[in-house]
Amino acid sequence: MAYAKSVTASSSLPCCSWVHYSRPSSAVSVAAASSQDGTGQVLEPLLLRVARGEDAERTPVWLMRQAGRYMADFRKFSDKLSFRQRSETPDIAIELSLQPWLAFQTDGVIMFSDILTPLPALGIEFDMVKGKGPCIHSPIRTIQDVNKLRTMDDPDRSLPFLRKILSSLRQEVEGKATLIGFVGTPWTLAAYAMEGGADKSLVKTKTIMLQEPEVLHALLAHFTEALAVYICHQIDSGAQIIQLFDSWAHHLSPKQFTTFSWPYVEQVISKVKAQRPDVPLIFHANGGTGKLHIIAQRHHQDVVVGLDWATEMHQARSLFGDKAVLQGNVDPMILFGTEDVIREAVEQCIRDAGVRHHILNVGHGVIQGTPEEAVKFFCQLARDSSSQQQCRNVTQSTLQGVVNPGAVELLQV
C-alpha cells in the first residue's frame, strides 16, 4: 500500500487526510526487481544477506537519514507538520520511509522515527523544536528520577503506532528491500535524558558522570533493559535488521567509552541475540575512530560495524579482518561534489572495504541541502559494483586454476 497527502491549512496545526494512490509504473518495476540465484530461485533481499555475512552479487546500499529534508517531497510534510506528528502517525511515517526507496532504489528501507521515540513509554516526554532539536523538559539527573521511570512492559500499548508502521513497511518492501529498524544506545539516550537536549559539551551529563557515576550507571542499566524489549518488538513487528546508533560516542574518551557505553551496548546485543538470534544487528558509533580497537573485541563477532567518515576504510578492514561485515563510510559532504568526485569516493570505499562483506553508506547522516541527484548517483554506483564483484570472482577463479565460462567471457572483453 502507498499513500499520498492532502493538506488543508487551519489556524493551528495542519489537518491531513490520506488517499490511496497508484505508484508510477517505472518506480514499481525498478523497486520490485528481486535477485535470483543460478537456479532461478528468488533470494532474500541483498542487504539482509550481506548483513548476515553471506557473499552476494554486489555491494548493497542505503543511507543514514535517507528520509530527510534534502528531499523536496519530504519537505512537503516537514514544513507543515511537527516531527512527532510525522513519526507517530503511521500513514505519514510509512510514506516518508518509502520516499527514498522509490526515488533512489536503496537496498534498505529504514523506518522514519527517532532514537528518542521510546522515551515517553518510560515516562520521559520530549518535543522536537524546529531549529533547536530535541527538548526534554524534565531531565533525569538524580537517582530518585531514575527510580521513578517506567519499564518497557508493553510497547503495543505505550507505542501503539510502531507495529503498524513496521508491519505495513514490511508488506510493502517484502522481497524487494530490507526493512531496517533502529534504536539509540543506552549512553546516547542517557546523555539526551540528562542534558535535556543536544549540547556540544554535555556539561550536565558529564558532571554527573564524573561526580555521581552511580546515577548514570543506574540510568544506563534501566535503558539497557528497555531497549532489549524495544528492539525485539521492532523485530516482531517486521524489522529485518536493527541498527544501534551511538550518536554521542564522540563525547567519550576511549576509557570512558569502555565504562559508560560499550558494556551496555554489549548487554543489549546479548539480550537481543538470546531471543532473536537470526536477526542481524549493526552498531554505528559517531566518533568511533579511536575506539575501533575496543569494538573489534566485541563478544558477538557477527555484529555489523558501522564506520563514521573519519575512519580510513582500509585500516578498518585490516583491523576487523576479511570476515567482518563493515558499513560505511563515505563523507556525506562528498555528495555536494561532482559526479567524478562522488564516483572516486565510492569506488575507493568499496575497493578498500574489499567488495565482499561491505554495505555502502555515508559515514554520517545525509545533510540538508544535499542534491537529490547526487544521492541517486551514489546508489547507482553501488548497483554498478556488481562488475567489481565479477572481476574479483574472475581473479579468484584464475588463481585457483578454475575459470568458468562467464569468467572467460569477462577476460576476453
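Numbers here simply count residues along the sequence, with the first being 1.
Closest non-hydrogen pair, Thr106 versus Ala177, comes out as O-CB, 4.2 Å. Gly238 and Leu179 make their closest contact through O-CD2, 3.5 Å (heavy atoms, listed as atom of the first residue, atom of the second, distance).
For Phe283 and Phe245, the ring centers sit 6.0 Å or farther from each other. You'll find the ring centres of Trp248 and Tyr192 inside the 6.0 Å limit. Taking the six-membered ring for Trp and the full ring otherwise, Phe182 and Tyr230 have centroids separated by 6.0 Å or more.
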Trace of the side chain to side chain contact (heavy atoms under 4.5 Å, CB included) decision for Asp91 with Lys164 = CA-CA 9 Å; Asp91 290 352; Lys164 182 177 180 182; 3.8 Å; yes

Any chance you could lay out the side chain to side chain contact (heavy atoms under 4.5 Å, CB included) test for Glu95 and Phe112, step after step, and finish with the verdict?
-> CA-CA 9 Å; Glu95 167 71 6; Phe112 178 73; over 6 Å; no

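Counting only N and O atoms by type, the side chains of Gln380 and Gln105 include no donor and acceptor under 3.5 Å apart. For the residue pair Thr178/Asp107, the side-chain donor-acceptor check at 3.5 Å is not satisfied. Side chains of Ser237 and Gln234: a donor-acceptor N/O pair is absent below 3.5 angstrom, by distance only. Using modelled atom types, one finds a donor on one side chain and an acceptor on the other under 3.5 Å when comparing Thr289 with Thr311. For the 3.5 Å distance criterion, the side chains of Asp246 and Thr188 qualify, holding a donor opposite an acceptor.
Taking CG of Asp236 as the reference point, atom CG of Asp156 lies at 9.5 Å (rounded to 0.5 Å). In this structure, Ile110 CD1 and Leu96 CG are separated by 13.0 Å, a value rounded to the nearest 0.5 Å. Note: Leu227 CG to Ile269 CD1 = 11.5 Å, rounded to the nearest 0.5 Å. With rounding to the nearest 0.5 Å, the separation of CD in Glu195 from NE2 in His251 is 8.0 Å. With rounding to the nearest 0.5 angstrom, the CG atom of Asp55 is 10.0 Å from the CZ atom of Arg49. With values rounded to the nearest 0.5 angstrom, Glu312 atom CD is found 7.5 Å from Asp352 atom CG.
Ile136 is listed as a side-chain neighbour of Leu119, based on a closest heavy-atom distance under 4.5 Å. Residues Ile294 and Pro254 meet the side-chain proximity criterion, which asks for heavy atoms closer than 4.5 Å. In this structure, Val325 and Ile359 have side chains that are in contact, with non-hydrogen atoms separated by less than 4.5 Å. Within the 4.5 Å cutoff, side-chain heavy atoms of Glu57 are placed close to those of Leu46. Counting only heavy atoms from C-beta outward, the side chains of Ser158 and Met152 approach each other to under 4.5 Å. Considering only heavy atoms from C-beta on, Val375 comes within 4.5 Å of Thr370 through its side chain. Between Ile334 and Trp309, the closest side-chain pair of non-hydrogen atoms is not below 4.5 Å. In this structure, Met313 and Arg351 have side chains that are not in contact, with every pair of non-hydrogen atoms separated by 4.5 Å or more.
Counting non-hydrogen atoms of neighbouring residues, nucleotides and ligands closer than 6.0 angstrom, the NZ atom of Lys376 reaches no more than 12 such neighbours. Within a 6.0 Å sphere centred on CD of Glu125, other residues, nucleotides and ligands contribute more than 12 heavy atoms.
Arg298 places no side-chain N or O within donor-acceptor distance of the main-chain N or O of Val305, the cut-off being under 3.5 Å. One N or O on the side chain of Thr117 and one on the backbone of Asp114 form a donor-acceptor pair closer than 3.5 Å. Ser253 places a side-chain N or O within 3.5 Å of a backbone atom of Gln256 that can act as its donor or acceptor partner. No side-chain donor-acceptor contact under 3.5 Å links Glu44 to the backbone of Gly175. Judged purely by atom type and a 3.5 angstrom limit, Arg65 has no side-chain atom pairing as donor or acceptor with the backbone of Gly68. A donor-acceptor pair under 3.5 Å is absent between the side-chain atoms of Asp127 and the main chain of Val129, judged by distance alone. The backbone N or O of Gln267 sits nowhere less than 3.5 Å from a side-chain atom of Ser270 that would complete a donor-acceptor pair. The main-chain N or O of Asp322 is found under 3.5 Å from a side-chain atom of His357 such that the two form a donor-acceptor pair. Checked by atom type and distance alone, the side chain of Thr207 pairs as donor or acceptor with a backbone atom of Val203 at under 3.5 Å. Between the Gln66 side chain and the Gly108 main chain, a donor and an acceptor come within less than 3.5 Å of each other.
Relative to the six-membered ring of Phe126, Arg84 meets both conditions, a distance below 6.0 Å and an angle of at most 45° to the axis.
Taking the six-membered ring where tryptophan is involved, the planes of Tyr70 and Phe104 are essentially parallel, since the angle between them stays under 30° and well short of 60°.
Ion pairing between a basic and an acidic side chain is recognised when a charged N comes within 4.0 Å of a carboxylate O; Glu212 and Arg141 show no such pairing. Classification of Asp302 and Lys273 as a salt-bridged pair holds, one side-chain N sitting under 4.0 Å from a carboxylate O.
The residue from Pro60, Ser385, Cys349 that alone fulfils the side-chain contact (heavy atoms from CB on, under 4.5 Å) condition with Leu360 is Cys349.
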